[in-house]
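Worksheet for the structure shown next.
Keep in mind that what you see is a predicted model, and the values were worked out from it rather than measured.
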Amino acid sequence: MNVIEVSNLGKRYGKRWAIRDCSLSIPAGEVVALVGPNGAGKTTLLHCAVGLVEPSTGCAKVFGGLQAGSPEALARIAFVAQDAPLYKYLSVHAVIELTRNLNRSFDTNLVRERLDDLGIGLSQKVGKLSGGQQSQLALALALARHPDLLVLDEPLARLDPLARSEFMGVVMRAVAEEGLSVVLSSHVVSELERVASYLIVLNVGRVQIAGDIDSVTEDHVLLTGPIDEVDQVRESFDVVQILRGDRQARLLVRINGVADIGPLWESSSVSLEELILAYLRDPDSSAISSPMSGGSSQIREVRT
Ligand code: ATP
């Protein structure tokens, strides 16, 4: 079952498209990293998927066919918005009660246990908690609904490395214990490899690449070889990025399962971070058209 399926999804604000032509099928049971720079459209895509925003084109379905935003879908999704917005002047206890009253099913004991583990007192004012504690509170409230899908918009951005690790520890424990699916958007590329199993890279409102992280990394290699052979490689592979030196070129290519690169090129594996950064380079800056059909239509070219 696909936990989220969007087809030809687009959202326009005035004349500007926040996201465009997005088609994705995300299998259930994954921890999905939705990565992109500021303004890439991550929040818009998540809002469409959870039904907070009406798309301008296409549609979003969840849990194998439920309309995004329908009561059946909403009952099974917990969404934590960017900056974990909470009522700052209420006590932790009051926020728990409020959330319990707003939700048909809510596990008060679970949220209290989690907060106890984290040393967050019920009488503390929410506004006096640290950023990390506020994020943990928002997460505990979301998990207390026992969602099938947990959607987290930029949960890590304002947390220090220790708080990030603790936050993701709670998420991963919930995944292990309850088998829920998770989608989290992030700028923090470096730590995703440890937690995510599925990757979506969004840039300028369009999906650049999406898939299981192991398959995506296995399907890309770094090639180093003679600069005058670059065109040869471009005839056979989708080239994502070219770094040109005086005599040598370094190419990030998508091999689409082909193992034989030829004797002139030295091949090495690519890290997830390198791969994401290559797809995140502004496709319109120094981009040249790919001669390949059906492949990556933009090549990011960098002169070293
Ligand atoms: P960030 O990482 O900075 O939060 P993002 O990837 O989540 O960015 P979005 O917030 O989805 O990106 O924004 C995508 C584009 O859509 C931006 O250009 C933004 O200005 C625009 N946009 C988003 N929401 C609105 C809105 N309500 N009205 C007008 N424009 C909007």
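- Side chains of Thr224 and Glu266: no donor on one and acceptor on the other come within 3.5 Å.
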Side chain to side chain contact (heavy atoms under 4.5 Å, CB included) between Arg76 and Val62: does it pass, once the steps are laid out? CA-CA 10 Å; Arg76 297 171 60 186; Val62 288; over 6 Å; no
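- Distance alone, capped at 3.5 Å, is enough to place a donor-acceptor pair between the Lys11 side chain and the Glu54 backbone.
- With Gln134 contributing its side chain and Val126 its backbone, the two residues share a donor-acceptor pair below 3.5 Å.
- The heavy-atom pair separating Val111 from Ala140 by the smallest distance is CG2-CB, 3.5 Å.
- Not a single donor-acceptor pair under 3.5 Å links the side chain of Ser7 to the backbone N or O of Cys59.
- Enclosure of atom CD in Glu178 by more than 12 non-hydrogen atoms of other residues, nucleotides or ligands within 6.0 angstrom is indicated.
- Asp107 places a side-chain N or O within 3.5 Å of a backbone atom of Leu110 that can act as its donor or acceptor partner.
- At a threshold of 4.5 Å between non-hydrogen side-chain atoms, the residues Ser197 and Val31 count as touching.
- Panel note: side chain Glu229, backbone Pro226; no donor-acceptor pair is recorded below 3.5 Å.
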What verdict does the side chain to side chain contact (heavy atoms under 4.5 Å, CB included) test give for Val3 and Val32, after you've listed the backbone C-alpha separation in whole Å, the side-chain angles of each residue and the deciding distance to 0.1 Å? CA-CA 11 Å; Val3 73; Val32 180; over 6 Å; no
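- A side-chain donor-acceptor contact under 3.5 Å links Lys42 to the backbone of Pro37.
- Put simply, the side chain of Glu5 reaches to within 4.5 Å of the side chain of Ser25, judged on heavy atoms.
- Residues Ser91 and Ser123 come closest through the heavy atom pair CB-O, 3.9 Å.
- Pro155 is not listed as a side-chain neighbour of Leu139, based on a closest heavy-atom distance of 4.5 Å or more.
- Looking at Asn103, its side chain does come within 3.5 Å of a backbone N or O of Thr99 through a donor-acceptor pair.
- A salt bridge links Arg206 with Asp21: the distance from a Lys NZ or Arg NE/NH1/NH2 to an Asp or Glu carboxylate oxygen falls below 4.0 Å.
- A donor-acceptor pair is defined here as one N or O able to donate and one able to accept, closer than 3.5 Å; no such pair exists between the side chain of Arg247 and the backbone of Ile227.
- In the hydrophobic clustering of ILVMFWY residues, with side-chain heavy atoms under 4.5 Å counting as a link, Leu252 and Leu272 come out together.
- Closest non-hydrogen pair, Gln136 versus Val170, comes out as OE1-CG2, 3.7 Å.
- Side-chain N or O atoms of Gln248 include none that pairs as donor or acceptor with a backbone N or O of Gly245 at under 3.5 Å.
- Remark: the Ser185 side chain and the Asp153 side chain contain an N/O donor-acceptor pair separated by less than 3.5 Å.
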Test Cys48 against Val6 for side chain to side chain contact (heavy atoms under 4.5 Å, CB included), laying out the working first. CA-CA 9 Å; Cys48 289; Val6 303; over 6 Å; no
Intermediate values then yes/no, side chain to side chain contact (heavy atoms under 4.5 Å, CB included), Asp148 and Leu180: CA-CA 5 Å; Asp148 292 323; Leu180 73 167; 5.7 Å; no
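- In this structure, Val216 and Leu275 have side chains that are in contact, with non-hydrogen atoms separated by less than 4.5 Å.
- In this structure, Leu199 and Tyr279 have side chains that are not in contact, with every pair of non-hydrogen atoms separated by 4.5 Å or more.
- Residues Val253 and Val239 meet the side-chain proximity criterion, which asks for heavy atoms closer than 4.5 Å.
- Shown here is His187, whose NE2 atom has more than 12 heavy atoms of other residues, nucleotides or ligands within 6.0 Å.
- Across Leu202 and Leu280, no two heavy atoms sit closer than the pair O-CD2, 3.8 Å.
- Minimum interatomic distance between Phe237 and Ile255 (heavy atoms only, all atoms of both residues): CD2-CA, 3.7 Å.
- Here the shortest heavy-atom pairing between Asn8 and Thr57 reads O-OG1, 3.0 Å.
- The hydrophobic cluster containing Leu46 does not contain Leu74, counting ILVMFWY residues as joined when their side-chain heavy atoms lie under 4.5 angstrom apart, directly or transitively.
- Note on Ile213 and Ile26: separate hydrophobic clusters, where clusters join Ile, Leu, Val, Met, Phe, Trp and Tyr whose side-chain heavy atoms are under 4.5 Å apart, directly or indirectly.
- A continuous path of ILVMFWY side-chain contacts below 4.5 Å connects Leu143 to Leu152, so both sit in one hydrophobic cluster.
- The closest side-chain heavy-atom distance from Leu24 to Leu45 is below 4.5 Å.
- For the atom pair CZ (Phe106) and CG (Asn101), the distance works out to 9.5 Å, reported to the nearest 0.5 Å.
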